[in-house]
Each structure stands twice: as C-alpha cells, then as structure tokens.
Amino acid sequence: MGVEDDISSSSSDFLNSSDTQVVLNIYDLIPLNQYTYWFGFGIFHSGIEVHGKEYGFGAHDFSASGVFEVEPRSCPGFIYRCSIPLGRINMPPLEFRTFIESAASEYHGDTYHLISKNCNHFTDDMSWRLTGKCIPGWVNRLARLGALCSCLLPESLQVTTVKRLPEYHEGVEEDGSESLATSTKSTEIDDNDQAKHLLSPTSVSGDVAFVKEAHK
C-alpha cells in the first residue's frame, strides 16, 4: 500500500508540474522611478517568470537570440521593484522550453529598439501568448509616448539601443536542454554619456544564459 501511495504521489507531482504561475517581474532602470512611479510613469525593465526561471529580451550586435534567462527577480544591473501575477497556465516545462526557443527566433539581439521593440514589448507579447492578458500599460508607457510623439524624448533616447554584448559558449541545462551561457557587458551605440548612465545597467555581474532559438 505504501508503494502504491508513493507511485500515486509521484504521478500527481508530475501532473502538477505542468501547472505554473506566469509572473511579470519589474525593475527600475533609474533611481528617479521611486518618485515618478506613483504618477504612473518611469523607465522600467521587465522579465517574464515561468517554471522557476525569468526570461527577458536584450540587445546585442548579432542576428541571434536576444532572449535570456536569469534567476527570478535577480536580473543583473537592474533594481528589482515588484512582481505582478499574470495568470496560471498548464504547460509542461519541456513544452514551454520549445515555446520560448521558438519565440527567441523572433527576438534577435540586433532587432532590439528602445521605442518599438524593447524588453517590455517582449514580456507583453509572451504574456499575451501564454495567458491572453497584456502587461500593465504603465510598464511600457515611455515607449508608447515616444512612438506617438518622439519630440517628447531627447534625441539620444530616440536613437540609443541598450546593448548586451554576449560572449557565447554553449551549455547544457540540468534538464538536458541547451542554452547559450554568456558573460555580458553593456554599451551604447550612442556616445552620449548621460544616456548611457540612464539606460544601461549600472553594473552587470555574473552570468546570464541566452536561450538558443529553435531551428526552422
């Protein structure tokens, strides 16, 4: 009877592992956010957390995946602010891995754009595909304002792309799936020092893993 209970419990755990919460983790890019946040405005980075990993989108100079994964609420170089539950999904980890690798093929690092295709556009897209819900509008309000009226933003913000330059080397995750692990550093395509200070992570330490895109 004890063995049967163990088997039943293991089967139940396996089935339950498909059920997971989708969470939006939000970070401050600038200290000023602590004041402007209460007025529904700020400059934010966001990542989407699924099955115990957080996924974000960053820029680099290559026509390859710009989607990366980190430990939840621990994205290097940003200041964690809060988490917002977006809903629950029933998707096994391996199926989700296929999903995120497929999405990575649509988010190459060299296509990142501060106004039209940034990290918050990525999390909004992932949230919609997974839960049918959009992320809160205030998270990406700066980009929407810039798209509607670019004169509201300094020229340096309109043209600058936040860069994460990866030094790729292949790795294998514990579940056997492949990823691209990399040490990252931040730079800008614009030489404006003030823009660099505001938009790039103040310090990037440790490793992040770039998700290897699915081959079509």
Side-chain angles (χ1 to χ4, degrees), residues 21-50 53-60 65-70 72-87 89 99-100 103-104 106-164 186 188-190 194-202 204 208 211:
Q21 179 89 337
V22 179
V23 179
L24 183 73
N25 294 325
I26 302 167
Y27 301 79
D28 290 328
L29 265 68
I30 58 172
L32 189 63
N33 277 5
Q34 62 182 309
Y35 304 106
T36 60
Y37 168 79
W38 302 107
F39 298 97
F41 186 79
I43 304 178
F44 303 100
H45 167 77
S46 64
I48 197 104
E49 179 183 343
V50 183
K53 287 289 185 180
E54 180 179 317
Y55 300 85
F57 174 50
H60 55 65
S65 170
V67 177
F68 61 90
E69 64 181 58
V70 295
R73 302 173 296 283
S74 303
C75 190
F78 302 109
I79 304 169
Y80 170 72
R81 168 168 286 279
C82 63
S83 296
I84 299 176
L86 298 171
I89 60 171
F99 165 83
I100 199 68
E106 304 172 30
Y107 285 88
H108 286 180
D110 61 353
T111 67
Y112 182 103
H113 189 279
L114 184 65
I115 301 302
S116 61
K117 193 175 183 180
N118 63 35
C119 57
N120 301 318
H121 290 108
F122 168 76
T123 53
D124 187 56
D125 185 22
M126 297 303 101
S127 176
W128 179 256
R129 295 191 199 186
L130 291 168
T131 70
K133 299 178 182 177
C134 295
I135 67 173
W138 57 265
V139 177
N140 206 26
R141 186 162 291 155
L142 175 71
R144 293 205 308 276
L145 286 174
L148 291 172
C149 184
S150 61
C151 62
L152 293 177
L153 296 175
E155 183 178 355
S156 59
L157 297 194
Q158 296 175 37
V159 300
T160 299
T161 297
V162 181
K163 293 287 186 180
R164 287 181 174 274
S186 298
E188 308 283 342
I189 60 172
D190 186 87
Q194 184 178 8
K196 287 183 182 181
H197 176 71
L198 292 178
L199 295 176
S200 64
T202 54
V204 177
V208 300
V211 175

Could you grab the distance from atom [atom1] of [X] to atom [atom2] of [Y], nearest 0.5 Å is fine?
X: His121; Y: Leu114; atom1: NE2; atom2: CG; result: 9.5 Å
X: Phe44; Y: Cys119; atom1: CZ; atom2: SG; result: 11.0 Å
X: Cys82; Y: Asp28; atom1: SG; atom2: CG; result: 8.5 Å
X: Ile100; Y: Ser65; atom1: CD1; atom2: OG; result: 8.5 Å

Glu49 meets the salt bridge (charged side-chain N to carboxylate O under 4.0 Å, His left out) criterion, sequence neighbours left out, with Arg73
Smallest heavy-atom separation, Pro85 atom then Gln21 atom, equals CB-NE2, 2.9 Å
Scanning both residues in full, the closest heavy-atom pair of Ile84 with Trp138 reads CD1-CZ2, 4.0 Å
Exercise. Backbone N or O of Cys75 within a donor-acceptor pair of the Tyr27 side chain at under 3.5 Å?
Worked result: yes
Can you check whether Tyr80's main-chain N or O pairs, donor with acceptor, with His45's side chain at less than 3.5 Å? no
So do [Y] and [X] actually touch side chain to side chain, heavy atoms under 4.5 Å?
X: Val70; Y: Phe78; result: no
X: Phe99; Y: Met126; result: yes
X: Leu130; Y: Leu86; result: no
X: Val50; Y: Ile89; result: yes
X: Val211; Y: Phe68; result: no

Residues at least two apart in sequence or cross-chain that pass side-chain hydrogen bond (donor to acceptor under 3.5 Å, both in side chains) with Ser116, listed by chain then number, are His113
Applying side-chain hydrogen bond (donor to acceptor under 3.5 Å, both in side chains) to Ser46 and not counting sequence neighbours gives Asn120, Thr123
So the salt bridge (charged side-chain N to carboxylate O under 4.0 Å, His left out) pairs with at least one residue in residues 123-139 (sequence neighbours excluded) are Glu106-Arg129, Asp125-Arg129
Margin query: Evaluate Ser127 against Val22 for side chain to side chain contact (heavy atoms under 4.5 Å, CB included), listing each step before the verdict.
Written below: CA-CA 8 Å; Ser127 176; Val22 179; 5.5 Å; no
By ring-ring contact (aromatic ring centres under 6.0 Å, His included), Tyr107 pairs with (sequence neighbours left out) Phe57, Phe122
